[in-house]
Amino acid sequence: MGALVIRGIRNFNVENRAEREISKIKPSLAPRHPSTSNLLQEQISHYPEIKGEIARKDDKLLSFLKDVYVDSKDPVSSLQVKAAETCQEPKEFRLPKGHQFGMINMKSIPKGKISVVEALTLLNNHKLYPETWTAEKIVQEYQLEKKDVNSLLKYFVTFEVKIFPPEDKKAIQSK
């Protein structure tokens, strides 16, 4: 709400304010130091043609300025050069396992990677049947590296909800 009010105040009478700023007298030169102003006045009084020379535009210099053309190119960064040098080999892909949980739109998965659904599935299978779903079988099934599978099984667990039935009917009564 505050932005709307501020925008309205900022845009109020903007054309008139802009025209007023444009029509103002342009700023004059910065004041010179008193010691140099005395020297300048003295030089101008001795050589009055200097004043005309200062105000005159030199056509020769202006033509030189018009002939100047700058064409610059950014230097190639070292990161781009390294990226161009290393050709990326085409990745090998595999089809996802199963089509549950809306995975139909996923066409292929790079080898050495798994989807979130596949990760949850293999973790759950390993938890329920650890003798069947060993790290070696998971490596073969999902085409992963052994160290990645061992880390996955060691550090990640699936979410499990346990509901304990109330053993004591004399639990805290709500008042």
Side-chain angles (χ1 to χ4, degrees), residues 1-97 101-123 138-139 142-159:
M1 187 68 184
L4 186 63
V5 173
I6 290 173
R7 191 176 308 123
I9 292 170
R10 184 179 59 222
N11 294 339
F12 175 74
N13 202 14
V14 76
E15 291 88 9
N16 289 341
R17 289 187 288 138
E19 189 173 330
R20 202 175 328 130
E21 282 294 321
I22 292 171
S23 65
K24 278 185 181 176
I25 298 172
K26 303 298 181 237
S28 60
L29 295 174
R32 301 191 186 275
H33 193 269
S35 64
T36 57
S37 64
N38 291 337
L39 289 173
L40 284 173
Q41 292 299 329
E42 189 177 306
Q43 289 296 322
I44 289 174
S45 65
H46 287 298
Y47 306 102
E49 66 272 3
I50 292 178
K51 190 165 190 163
E53 191 69 27
I54 291 173
R56 184 180 63 84
K57 291 185 179 180
D58 191 357
D59 293 331
K60 184 179 177 183
L61 293 177
L62 285 174
S63 66
F64 288 156
L65 187 61
K66 289 179 183 176
D67 292 340
V68 172
Y69 177 74
V70 177
D71 185 20
S72 68
K73 294 178 182 164
D74 290 336
V76 179
S77 69
S78 61
L79 294 177
Q80 292 174 347
V81 172
K82 288 179 182 176
E85 289 174 358
T86 58
C87 298
Q88 289 187 354
E89 298 174 4
K91 293 182 178 179
E92 296 180 19
F93 291 94
R94 64 176 179 79
L95 294 175
K97 306 280 182 197
F101 305 117
M103 281 184 38
I104 297 169
N105 60 356
M106 191 177 301
K107 302 291 185 230
S108 60
I109 300 171
K111 287 188 177 179
K113 298 187 185 253
I114 56 174
S115 68
V116 173
V117 176
E118 289 175 334
L120 292 173
T121 304
L122 74 89
L123 286 172
I138 294 172
V139 166
Y142 291 97
Q143 299 171 349
L144 300 172
E145 292 185 25
K146 180 130 174 93
K147 65 179 182 75
D148 293 337
V149 172
N150 288 334
S151 298
L152 186 69
L153 296 176
K154 181 178 180 182
Y155 296 112
F156 291 93
V157 292
T158 56
F159 183 71

Between Ser35 and His33 the two heavy atoms that sit nearest each other are OG-ND1, 2.9 Å
Taking every heavy atom of Leu123 against every heavy atom of Thr158, the minimum-distance pair comes out as CB-CG2, 3.5 Å
[X]: side chain to side chain contact (heavy atoms under 4.5 Å, CB included) partners, not counting sequence neighbours:
X	result
Leu40	Arg32
Leu65	none
Lys60	Asp58, Phe64

Above 12 or not: heavy atoms from other molecules or residues under 6.0 Å from NZ of Lys73?
-> no
Neighbour count above 12 (heavy atom, 6.0 Å) for Glu19 CD = no
My understanding is that only residues two or more places apart in sequence, or in another chain, count here; which of them pass salt bridge (charged side-chain N to carboxylate O under 4.0 Å, His left out) with [X]?
X	value
Arg56	Glu53
Glu21	Lys24
Lys146	Glu136

Pairwise distance [atom1]([X]) to [atom2]([Y]) - rounded to 0.5 angstrom:
X	Y	atom1	atom2	answer
Glu42	Ile44	CD	CD1	11.0 Å
Gln43	Asn38	CD	CG	12.0 Å
Asp67	Leu62	CG	CG	11.0 Å
Asn150	Ile138	CG	CD1	9.0 Å
Lys113	Lys111	NZ	NZ	14.5 Å

Begin from the C-alpha positions of Tyr142 and Thr121 and carry the test side chain to side chain contact (heavy atoms under 4.5 Å, CB included) through to its verdict.
-> CA-CA 11 Å; Tyr142 291 97; Thr121 304; 4.3 Å; yes
Assess whether side chain to side chain contact (heavy atoms under 4.5 Å, CB included) is satisfied between Leu122 and Val149, documenting all intermediate values.
-> CA-CA 10 Å; Leu122 74 89; Val149 172; 5.7 Å; no
Kindly indicate whether the side chain of Ile114, heavy atoms from C-beta on, has any atom under 4.5 Å from the side chain of Leu152.
-> yes
